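Working notes for the structure below.
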Amino acid sequence: MEDKQQPNISEAFLSPYNPSENEDRIYAMWEDSGYFNPDVCIEKGVTKPDAEPFSMVLPPPNVTGTLHMGHAAMLAVEDILTRYHRMLGKRTLWIPGTDSAALATQSKVESIVYKKEKKRRHDIGREELMRRIDEFVEESKSTIINQTKKMGSSLDWSRYAFTMDDTRNKAVTEAFIRMYNDGLIYRGARSVNWDPNMQTTVSDDEVEYVEKNSPFYYFKYGPFTIGTVRPETKFGDKYVVMHPDDERYAAYEHGQTIEVEWINGPITATIIKDEAADPEMGSGVMTITPWHSAVDLEIAKRHDLDIEQVIDERGCLLDIAGEFAGTHIKKARPLIIEKMQAKGLVEKVDEDYTHNVATNERGGGVIEPQIKEQWWVDVNKEFTMGPSTIPGISEGDVVTLKKLMIAAVENGGVSIFPDRFNKTYYHWIENLHDWCLSRQIWYGHRIPAWFKDGEVKVQVGSPGEGWTQDPDTLDTWFSSGLWTMSTLGWPEMTDDFTTYHPTTVLETGYDILFFWVARMILMTTYLNGSVPFQNVYLHGLVRDANNKKMSKSLGNIIDPVDMIDKFGADATRLSLIVGAAPGNDMPLGEDKIRAYKKFANKLWNISRFVLTSIADFDHSTTPTLSERDQAILTDLQVNAEAVTSELEKFNLYIAAEKAYHFVWHEIADRILEEAKPVINGEDASAKAARQYVLKETLVTSLKLLHPFMPYVTETIWQELPEALRETDMLLVAQWPTK
RNA sequence: GUCCGGUUAGCUCAGCUGGUAGAGCGCUACAUUGACAUUGUAGAGGUCACAAGUUCAAGUCUUGUACCGGACACCA
């Protein structure tokens, strides 16, 4: 049997490209080289010490989670940006980290403990629970880290950060104390979103409204008719509110009292005229429950009304409910209706009423508004600005946190891509209320506040004998809001901080623009007088091939780890980039990933062909080029510049598509095909010239594609003859423009 | 209710500052065992949602209409 002749090229090329044989090996090689760390790049001479910095933080995934397609898309985008800028010769830093996801993690561990030992958190105590959580975190964190590496992410693991580690803890405490001392954090009793299941408050942004069908009751309230879906809140309703201009009730005067027969007997009701009552809504009359409704509370405050609690923290009725006291609201509701029916107070019931029920996004409990003493960030309080590099804001200006957040974006300090999200961002800020910071859960950053006999001190460590620390912890987004700073060592003015902050890009999903992006802007503009990042790149949601949301219940989840095993990380990355315009959701099916696996193989074969064709080329000579040879080199240049300009504009989806199209349909289909007769022809100098061109073509292709498909390009690079490799790894080769 | 998008080939989408339609997948025909667990060449397929306006010229700008989607707010 005759072997085809394959002079001087590696045996590796004799079979199709096999991602699983190469990816782990290549990643280990990159990691061992230290090139993910910009300091090492400088040490080894691949980056100039004074090169322009490029920095980015990884939006920290939940430490106990597993990788899903959303993460994969995020990692693909960020790694492309990182590799591109590294190849441009910048001091490039992409910082990895994981998030403690306090609420989610604690409830996960609690449920494990409950399943195993039938114990609740109060049974095992704070310290023990924390120990269990730490253990759980330690055990499960390697999963997400390993999966992140599988995607080819060129993160500097030597700078790995965890939201709950010492450095981050220090940053959180420092931030809290400074904001408290400036009066931007205060303690106050206000209406909060209380989750009776998890026994904690949640912020407005964590409340999810779920559409539900419930009976809507019309009750006779003296001469009026009032409507409600929640009869159990109605015990204390002694104010009846109507619009001042509502003709139907012109006979009643504000402040007038009437006797009304109510659930547990007669009460004295007071008429309140307030514009909050919508005349179009039902009868135009309502009673209010200020303790359990933020809207009602505002009305009550306007008229200085009594405010009474009806439901306790566990969701049970209080003494005010009389015979129903101690009963859980779920059980009480039908009993109350029964009694009211017997008393003839029920006028009618609308069984088919849909309304939105507030639930805790992360636990699913139904929110019961309560008035509670909590810690808050005041977003409207005026203060005098310290040193500032924020465009449009100078030292000494009187500002508010809201103003800072708007100024940072309005004056171009932060650019958001795609820019239509600017409006979404402003819209959110206009609606922004004070931010409830404290959470009644144990896992998280403990609030540095101490109490003694009604006195409060905010500081690091106990003020002394008899002081007890606030048992509450901080909203997880408080620490996340510091992330660009804390990962770089803030509040210490480390070299990292001064070099890499503000970061160049923040890449994340548009779904957490408010949770996270806005909060980072809030915290950083105030604490550091700077923006946290210059650019925000928002990616969309990954949907299935039919554009449906991926979900467990639909069974349409595509697992990125499966896809990597099946088609390779390169193919998975490209499938998540091409056709994925920033801010738009993208459909993804296996077919698409398979198509890019073919592309990786195509590149593999292109390389094999070129290496075979140039095997006898003398690299020490520079041959004389024909016009056509020149034209091909120009073509390379033009296309490399086209890809570059799209990358500069953050149009990764176009850049990837262009690179793909150029390599496959220009290089493979035309340049390689037309080179065949020249390479096989008699004219030795024409052959040498074309060999030179082919060599350039291959090297440029590998470089152009490296950010998008790092594994296959690096695998090929490692097989190139020494003469073609300007650097030991493609990872740090020079980007092919200029 | 407020705000923001979208509507272009069978499907998924691209079309930047206006100059008479593009890609990928799919489909049809032909070719090819080659650098190619295939690939190449060619082709079919679109009154660019609808209406009016600006303009020498409108997927592209303006206004309106109709659907579709999203974010936020929220009701007794």
Side-chain angles (χ1 to χ4, degrees), chain A residues 4 6 9 13-18 204-205 207 209 216-219 221 224-231 233-234 237 240-242 276-278 280-289 293-296 299 353-358 418-433 510-511 513-514 540-541 543 545-547 574-575 578-581 583-589 591-592 594-613 645-646 649 651 653-654 657-658 660-661 664-665 667-670 672-673 675-676 679 694 698:
Chain A
K4 227 184 310 173
Q6 300 282 355
I9 72 158
F13 282 108
L14 296 179
S15 44
Y17 176 63
N18 183 346
D204 292 347
D205 294 305
V207 174
Y209 291 90
F216 190 88
Y217 303 98
Y218 291 89
F219 297 138
Y221 189 84
F224 308 110
T225 300
I226 58 160
T228 187
V229 277
R230 304 202 53 202
T233 63
K234 293 283 150 197
D237 288 12
V240 52
V241 184
M242 59 207 67
D278 181 2
E280 305 288 311
M281 186 88 188
S283 62
V285 174
M286 62 178 176
T287 59
I288 55 169
T289 314
S293 155
V295 177
D296 292 1
I299 299 171
Y353 178 75
T354 48
H355 65 140
N356 292 326
V357 178
D419 63 0
R420 70 183 136 91
F421 282 98
N422 282 310
K423 285 188 180 164
T424 317
Y425 175 81
Y426 295 135
H427 185 244
W428 180 78
I429 293 177
E430 280 162 25
N431 285 311
L432 185 62
H433 300 296
Y510 65 76
D511 52 330
L513 178 64
F514 307 134
L541 264 44
R543 294 164 176 272
N546 301 315
N547 233 333
L574 264 183
S575 72
V578 177
N584 285 0
D585 294 353
M586 70 189 105
L588 178 71
D591 284 352
K592 191 174 178 188
R594 186 178 296 111
Y596 290 111
K597 181 192 162 115
K598 282 197 206 164
F599 181 53
N601 194 50
K602 186 78 183 179
L603 184 63
W604 186 252
N605 283 305
I606 289 170
S607 305
R608 182 201 301 182
F609 175 75
V610 171
L611 291 177
T612 312
S613 303
S645 97
E646 298 300 345
K649 287 185 279 188
N651 287 329
Y653 65 117
I654 298 176
E657 212 279 326
K658 279 190 173 167
Y660 169 92
H661 195 265
W664 195 317
H665 298 296
I667 294 181
D669 293 351
R670 300 190 197 282
L672 262 46
E673 287 303 326
K676 284 177 184 174
I679 298 295
L694 286 185
L698 177 61

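Here the structure is a predicted model, which means the values were calculated and not measured. Here is how names work: the chains are called A, B, and so on, in the same order as the sequence lines, proteins then strands, and each is numbered from 1.
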| query | Where the side chain of A:Phe514 is concerned, which of B:A14, B:A35, B:A71 is the nearest nucleotide? | reply | B:A71
| request: Please determine, for the side chain of A:Arg420, which listed nucleotide (B:U39, B:U2, B:C4) has the closest atom? | output: B:C4
| request: Looking at every strand, decide which applies to A:Tyr510 at a 4.0 Å heavy-atom threshold: base, sugar-phosphate, or nothing. | output: nothing
| query | What nucleotide, of B:A35, B:A14, B:A23, holds the atom closest to the side chain of A:Tyr653? | reply | B:A14
| query | When the C1' atoms of B:G24 and B:A14 are considered, how many whole Å apart are they? | reply | 10 Å
| request: Kindly say whether A:Ser15 contributes a backbone atom to a donor-acceptor pair with the side chain of A:Trp604 at under 3.5 angstrom? | output: yes
| said: Regarding A:Glu673, tell me which of base, sugar-phosphate or nothing describes its non-hydrogen contacts under 4.0 Å with the strands shown. | reply: base
| NA contact type, A:Asp591, heavy-atom cut-off 4.0 Å: base, sugar-phosphate, or nothing? | nothing
| query | What's the CG-P distance between A:Asn605 and B:G40, to the nearest Å? | reply | 12 Å
| task | Starting from P on B:C4, measure out to CG on A:Asp585 and report it in whole angstrom. | result | 19 Å
| NE2 of A:His665 versus P of B:A42: gap in Å, rounded? | 12 Å
| note | Any strand, both distances under 3.5 Å, Watson-Crick or G-U wobble: B:A9 pairs with none
| field | A:Lys676 side chain near A:Ile679 side chain, heavy-atom distance below 4.5 Å | value | no
| query | Roughly how many Å is it from NZ in A:Lys658 to C1' in B:G24, rounded to a whole number? | reply | 16 Å
| field | Validation row: A:Trp664, A:Ile606 side chains within 4.5 angstrom (heavy atoms) | value | no
| said: Please report the distance, rounded to the nearest Å, between CD1 in A:Ile226 and P in B:C75. | reply: 16 Å
| message | Taking B:A9 as the reference, what is the distance to B:A23 when you measure between their C1' atoms (whole Å, please)? | response | 11 Å
| said: Counting only Watson-Crick pairs (N1-N3 plus N6-O4 or O6-N4) and G-U wobbles (N1-O2, O6-N3), all under 3.5 Å, who is the partner of B:A49? | reply: B:U65
| B:A73: pairing nucleotide in any strand, Watson-Crick or G-U under 3.5 angstrom | none
| query | Considering Watson-Crick and G-U wobble pairs with both distances under 3.5 Å, what does B:C16 pair with? | reply | none
| request: Taking atom P in both B:G70 and B:U12, compute the distance separating them and give it to the nearest angstrom. | output: 16 Å
| For A:Ile429 and B:C72, what is the distance between atoms CD1 and P respectively, to the nearest whole Å? | 15 Å
| remark: Regarding the side chain of A:His427, the nearest nucleotide among B:U2, B:A35, B:A23 is B:U2
| query | Looking at the side chain of A:Asn431, which of B:A14, B:C72, B:A35 is the nearest nucleotide? | reply | B:C72
| said: With rounding to the nearest 0.5 angstrom, report the CZ to CG distance, A:Phe219 to A:Asp237. | reply: 10.5 Å
| task | Counting heavy atoms from C-beta on, name the nucleotide in B:A35, B:U39, B:C3 closest to the side chain of A:Arg608. | result | B:A35
| message | When the P atoms of B:G26 and B:U65 are compared, how many Å lie between them, rounded to an integer? | response | 42 Å
| message | Counting only heavy atoms not in A:Arg420 (residues, nucleotides, ligands), do more than 12 fall under 6.0 Å from its CZ? | response | yes
| task | Take atom CD1 of A:Ile654 and atom C1' of B:C13, then tell me their distance rounded to the nearest Å. | result | 11 Å
| task | Between B:U47 and B:U20, how far apart are the C1' atoms? Round to whole Å, please. | result | 13 Å
| Counterpart base for B:A35, defined by Watson-Crick or G-U wobble contacts under 3.5 Å | none
| query | Can you tell me the Watson-Crick or wobble partner of B:A21, both distances under 3.5 angstrom? | reply | none
| message | Distance check, P atoms only: B:A73 and B:C68, in whole angstrom units. | response | 24 Å
| query | Side-chain contact, heavy-atom cut-off 4.5 Å: A:Leu588 with A:Ser575? | reply | yes
| task | If B:A29 has a Watson-Crick or G-U wobble mate with both distances under 3.5 Å, name it; if not, just say none. | result | B:U41
| said: Using the side-chain heavy atoms of A:Val295, tell me which of these nucleotides is nearest: B:C74, B:A35, B:U39. | reply: B:C74
| task | Counting Watson-Crick and G-U wobble pairs only, both distances under 3.5 Å, name the nucleotide matched with B:G59, or none. | result | none
| Which is true for A:Lys602 with a 4.0 Å heavy-atom rule: it touches a base, it touches only sugar-phosphate, or it touches nothing? | base
| said: Testing the basics here: between A:Leu541 and A:Asp585, what is the closest heavy-atom pair and its distance to 0.1 Å? | reply: N-OD1, 2.9 Å
| request: May I ask you to say what A:Ala595 touches in the nucleic acid, namely base, sugar-phosphate or nothing, with a heavy-atom cut-off under 4.0 Å? | output: nothing
| Considering only the C1' atoms, how many Å lie between B:A49 and B:G43, rounded to the nearest integer? | 29 Å
| query | With respect to the side chain of A:Thr424, which nucleotide from B:U41, B:A35, B:A71 is positioned closest? | reply | B:A71
| note | The answer to which of A:Arg670 and A:Asn584 contacts RNA chain B further toward the 5' end, by nearest nucleotide, is A:Asn584
| query | On RNA chain B, nearest-nucleotide positions of A:Lys598 versus A:Arg230: which is more 5'? | reply | A:Lys598
| Looking only at N and O atoms, is any donor in the side chain of A:Glu430 or the base of B:A73 less than 3.5 Å from an acceptor on the other one? | no
| query | When you compare B:A21 with B:C48, how far apart are their C1' atoms, in angstrom units rounded to a whole number? | reply | 8 Å
| message | Here's one to test your reading of the geometry: is the NZ or CZ of A:Lys602 within 45 degrees of the ring axis of A:Tyr660 and under 6.0 Å from its centre? | response | no
